[in-house]
Protein chains: 2
Amino acid sequence: MLKYQQTATEIEAYIEQHALQQGDKLPVLDQLIRQFAVSKTTMTKALELLERKGTIFQVRGSGIFVRKTNRKGYIELFSTQGFKQNLVEHDIQSKVLSFELIPCPEEIIENLGSAPGEMVYAIKRIRYIDGNIMCLEESYYRQTIVPYLNREIVEQSIFEYLEMALGLNIGFSDMYMHVGKLPDAVATHLELTAGDPALTVETIFHLTNGRPFDYSVITYHYEHSQFVVQANGLYL
Amino acid sequence: MLKYQQTATEIEAYIEQHALQQGDKLPVLDQLIRQFAVSKTTMTKALELLERKGTIFQVRGSGIFVRKTNRKGYIELFSTQGFKQNLVEHDIQSKVLSFELIPCPEEIIENLGSAPGEMVYAIKRIRYIDGNIMCLEESYYRQTIVPYLNREIVEQSIFEYLEMALGLNIGFSDMYMHVGKLPDAVATHLELTAGDPALTVETIFHLTNGRPFDYSVITYHYEHSQFVVQANGLYL
DNA sequence: TATTATAATTGTACATGCACAATTTATCAA
DNA sequence: TTGATAAATTGTGCATGTACAATTATAATA
């Protein structure tokens with residue numbers, strides 16, 4: 001683990017231990033540097049990480065303060081790292097509906113940037129959060145990059161396997177979201193009615209070297225999923 | 001404008017001028033430093049910014065490459081900065097449904113962290129994108145922080161006014177998203193039918209000093225709004 | 001007391017330099 | 001040709017230091 005990540009973790013622990021609340025002030029930068037015995041660069045990067053994560057915010061000339069989400073029951077949609085802490089609080093289970101190795105379907109070739117006829121693992125699963133149906137997930141993994149998968153792995157966390165066992169370095173992803181009415185086939189799987197609202201998220205995952213390896217379409221159960229996003233820029 | 005932001009903009013221009021496509025390689029770091037005549041720190045920060053923005057990705061030992069979204073018609077939901085480029089491509093209009101100065105409603109006090117009885121500007125508008133209804137927005141601005149607003153400002157971009165005219169520094173925000181069925185009242189405004197799907201986003205905006213100043217609830221028209229998110233961490 | 005000017009505090013921008021890790025290319029042996 | 005090994009390339013991590021800008025506290029003034 002990198003030093004600035006380690007430092008960030010230690011600062012989180014510090015916040016926890018001292019039971020700091022929203023708006024509470026941390027020690028000033030210089031003292032943090034001394035206290036955690038790192039350079040200014042490292043501390044700055046650690047703080048920047050925590051800021052992006054939504055844990056703290058910094059005010060020049062004033063100090064470093066705790067920023068905390070209070071609402072419970074929301075899924076952290078984009079966590080920029082450290083999603084484990086977030087999801088550990090929830091019990092995630094998967095039921096595999098289908099698992100096969102097929103030639104890459106036409107409409108997905110473009111998304112995966114794959115050669116015609118290339119083989120992909122096609123997986124369909126239902127994912128449960130704390131016992132409730134959270135979403136239906138259809139995903140396609142390029143065999144060129146993910147040479148082997150089996151049903152057992154797919155029942156657990158696929159990404160953990162990719163990172164741990166295969167040593168793949170997962171980089172960035174493009175997500176496309178839209179809201180619509182549930183088609184009949186999907187509704188059945190989610191135990192909802194056709195026409196009910198649904199959030200659909202298409203994602204193309206890339207390795208750190210930029211190669212796309214996974215395309216997935218997730219349809220969320222509108223009653224069992226709500227999301228929180230902590231953002232730092234500005235929008236509409 | 002800060003030097004590293006300026007540099008980032010210049011690099012974007014470079015990409016544009018040279019018509020670089022997805023996967024194309026930029027000059028190596030050392031040359032970029034010479035070419036744009038900045039220090040390594042500045043260049044690194046500029047590249048980091050572009051990476052978070054989704055414009056490029058960097059591969060150690062290999063180089064810096066262009067990452068581009070190709071799908072059209074999607075609204076960039078979180079832009080971490082530079083949303084103008086994105087929205088300039090669209091024509092955004094607003095119709096003000098109501099505009100008043102009222103004591104902060106009970107259920108919003110907590111979100112705004114305001115004192116009981118504090119006055120807020122309550123605004124309801126419909127926002128159009130390229131002539132189509134995009135969303136219904138209800139927002140509440142604390143008068144303590146935003147001393148003056150009028151109908152004319154509200155018909156344009158409120159945030160631009162806050163930043164330009166009032167000199168407020170807008171910092172971070174917490175967003176809560178969920179999908180549901182349109183209630184009757186909202187459906188009318190969006191020219192949809194009650195029970196149709198809807199994406200609702202609640203947002204609490206803060207100044208850079210951490211004080212919340214705006215709480216808004218936006219309900220999107222499911223047929224006229226889809227979103228793209230370019231992310232860099234990992235999730236589910 | 002209220003207001004204004006000044007100083008102290010505190011985080012941010014930027015420059016430079018060394019060490020290192022991942023990738024790619026070149027080299028050589030089988 | 002293939003496969004292993006070494007070397008060059010190239011971005012990342014981390015340390016140190018200077019200058020500066022925004023905030024807050026203090027002192028001076030009306």
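A, B, ... follow the sequence lines: proteins, then strands. Residue 1 opens every chain.
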Review point. Any luck finding a side-chain donor-acceptor pair between B/Gln58 and B/Glu51 under 3.5 Å?
Key: yes
Point to revise | A/Lys45 NZ to D/dA15 C1', straight-line distance once rounded to whole Å | key: 13 Å
Check your understanding: Would one find a side-chain N or O of B/Tyr4 under 4.0 angstrom from OP1 or OP2 of C/dC14?
Key -> no
Point to revise | A/Ser216 side chain to A/Glu202 side chain, donor-acceptor N/O pair below 3.5 angstrom | key: no
Practice item. I would like to know whether B/Asp214 and B/Arg142 meet salt bridge (Lys or Arg N to Asp or Glu O under 4.0 Å); could you show each step before the answer? Key: CA-CA 7 Å; B/Asp214 173 25; B/Arg142 298 173 68 181; over 6 Å; no
Exercise for review: Mind calculating the distance between CG (A/Leu47) and C1' (C/dA13) to the nearest angstrom?
Suggested key: 16 Å
Exercise for review: Looking at every strand, decide which applies to B/Lys3 at a 4.0 Å heavy-atom threshold: base, sugar-phosphate, or nothing.
Suggested key: sugar-phosphate
Exercise for review: Measure the acute angle between the ring planes of B/Phe205 and B/Phe213, then classify it against the limits of 30° and 60° as parallel, tilted or perpendicular.
Suggested key: tilted
Point to revise | Nearest-angstrom distance from the residue atom CZ of B/Phe65 to C1' of C/dT24 | key: 10 Å
Review point. A/Met1 CE to D/dC14 P: how many Å, rounded?
Key: 11 Å
Practice item. For residues A/Tyr215 and A/Tyr141, establish whether the separation of their ring centroids is below 6.0 Å. Key: no
Point to revise | Most 5' of B/Met43 and A/Asn169 on DNA chain C, judged by nearest nucleotide | key: B/Met43
Check your understanding: Hey, does B/Thr42 reach any base, or is it just sugar-phosphate, or nothing, if we go heavy atoms under 4.0 Å?
Key -> sugar-phosphate
Exercise for review: Can you tell me the distance, in whole Å, between the CG atom of A/Leu49 and the P atom of D/dC14?
Suggested key: 11 Å
Check your understanding: Checking A/Ser114 side chain against A/Glu110 main chain: does a donor-acceptor pair fall under 3.5 Å?
Key -> no
Are any protein N/O atoms closer than 3.5 Å to N/O atoms in nucleotides 9-11 of chain D? If there are, list each pair with its distance.
{"from": "D/dT10", "atom 1": "O2", "to": "B/Gly61", "atom 2": "N", "distance (Å)": "3.3"}
{"from": "D/dG11", "atom 1": "OP1", "to": "B/Leu29", "atom 2": "N", "distance (Å)": "3.3"}
{"from": "D/dG11", "atom 1": "OP2", "to": "B/Leu29", "atom 2": "N", "distance (Å)": "2.6"}

Check your understanding: For the base of C/dG17, is there a side-chain donor-acceptor partner from B/Lys40 under 3.5 Å away?
Key -> yes
Exercise for review: Report the C-alpha separation of A/Asp30 and A/Lys40 in whole Å, then their side-chain angles, then the decisive distance to 0.1 Å, and conclude whether the salt bridge (Lys or Arg N to Asp or Glu O under 4.0 Å) test is met.
Suggested key: CA-CA 8 Å; A/Asp30 280 340; A/Lys40 195 168 63 166; over 6 Å; no
Revision key, fill the gap. Rounded to whole Å, the CZ-C1' distance (A/Arg34 to D/dA15) equals 17 Å
Practice item. Answer yes if the side chains of A/Thr42 and A/Ser39 hold a donor-acceptor pair under 3.5 Å, and no otherwise. Key: yes
Exercise for review: Check the distance between D/dC14's P and A/Glu48's CD and give it to me in whole angstrom.
Suggested key: 13 Å
Review point. Would a line drawn from the ring center of A/Phe57 to the ring center of B/Phe172 be shorter than 6.0 Å?
Key: yes
Exercise for review: Using only side-chain N and O atoms of A/Thr41, determine if any of them is under 4.0 Å from OP1 or OP2 of D/dC14.
Suggested key: no
**Study point:** Separation of atom CZ in B/Phe57 from atom C1' in D/dT12, rounded to whole Å
**Key:** 17 Å
For nucleotides 2-7 of chain D, print each protein N/O atom paired with a nucleotide N/O atom at under 3.5 Å, atom names and distance only.
none

